[in-house]
Amino acid sequence: MTPRIDVIGLAVSDMAASLAFYGRLGLVFPEGAENEPHVEAELPGGLRLALDTEETIRSFHAGWRPPSGGGRASLAFLCDSPAEVDSVYEELVGAGHHGELKPWDAVWGMRYAVVHDPDGNGVDLFARLPGEPVPAQ
């Protein structure tokens with residue numbers, strides 16, 4: 001048997017704030033999840049995004065501390081169009097989230113932007129620019 005990726009996990013300091021942020025990006029969490037120490041959302045393709053409070057992580061790993069700095073990992077959300085990149089970025093920044101990089105047309109043929117979730121994780125928003133080829137899979 002070969003191990004396969006099944007869950008992407010994030011440690012969160014404020015479950016309700018994280019649920020609101022990722023909910024704005026279309027993820028669906030169970031009703032009442034803001035009161036839970038661990039929640040999951042199904043992602044396309046069968047993956048899951050798991051959010052665990054810092055307290056939950058410390059319950060089984062007493063010496064764990066939230067990392068300082070950041071920038072080592074990010075999540076990337078595909079948008080339907082360059083205009084959607086711009087509108088989602090504006091919606092998230094308008095809701096008080098830090099806009100790291102305003103939308104721009106990247107040299108690799110995509111409209112790109114970066115915002116931070118409530119814990120400072122980078123979240124990329126992107127869409128192919130018109131006329132750019134679809135990458136091979």
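Here, residue 1 is the first one in the sequence, and each next residue gets the next number.
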Handout entry: Reported CE-to-CG distance for the pair M110 and D105, which is rounded to 0.5 angstrom
Key = 12.0 Å
Problem - Interatomic spacing from CG in L92 to CG in L125 - rounded to 0.5 Å - result: 6.5 Å
Exercise for the section: Using the side-chain contact (heavy atoms from CB on, under 4.5 Å) rule, take D124 and L101 through it: C-alpha gap first, then chi angles, then the decisive distance, then the call. Expected result: CA-CA 9 Å; D124 301 355; L101 294 172; over 6 Å; no
Practice task
With sequence neighbours left out, write down each residue that passes salt bridge (charged side-chain N to carboxylate O under 4.0 Å, His left out) with D119, or none if nothing qualifies.
Solution key: none
Handout entry: Nearest-0.5 Å distance, CD of residue E42 to CG of residue L49
Key = 11.5 Å
Practice task
May I ask you to test the F77-L27 pair for a side-chain heavy-atom distance under 4.5 Å?
Solution key: yes
Problem - N121 backbone acceptor or donor facing D117 side chain under 3.5 Å - result: yes
Fill in the blank from the handout: Applying ring pair (Phe, Tyr, Trp, His ring centres under 6.0 Å) to Y22 and not counting sequence neighbours gives none
Practice task
Flag yes if more than 12 heavy atoms outside D6 fall under 6.0 Å of its CG atom; otherwise flag no.
Solution key: yes
Problem - Counterpart residues, ring pair (Phe, Tyr, Trp, His ring centres under 6.0 Å), relative to Y112 (two or more places apart) - result: W104, W108, F126
Problem - Sub-4.5 Å side-chain heavy-atom contact between R111 and P130 - result: no
Problem - Pairwise side-chain contact, E55 with P37, heavy-atom cut-off 4.5 Å (strictly under) - result: no
Problem - Check: D86 main-chain N/O paired with E90 side-chain donor or acceptor under 3.5 Å - result: no
Handout entry: L51 CG to I8 CD1 distance, which is reported to the nearest 0.5 Å
Key = 11.0 Å
Handout entry: Partner residues of E91 under the salt bridge (charged side-chain N to carboxylate O under 4.0 Å, His left out) criterion, sequence neighbours left out
Key = R24
Practice task
Output all residues satisfying ring pair (Phe, Tyr, Trp, His ring centres under 6.0 Å) with H38, sequence neighbours left out; order by chain, then residue number.
Solution key: none
Exercise for the section: Look at the side chain of T56 and the backbone N and O of D52, then say whether any donor-acceptor pair between them is shorter than 3.5 Å. Expected result: no
Handout entry: Side chain to side chain, E100 and V115, heavy atoms closer than 4.5 Å
Key = no
Handout entry: Single-linkage hydrophobic cluster, 4.5 Å side-chain cutoff, F29 and V7 together
Key = no
Exercise for the section: Identify, with sequence neighbours excluded, every residue that meets salt bridge (charged side-chain N to carboxylate O under 4.0 Å, His left out) alongside E40. Expected result: R48
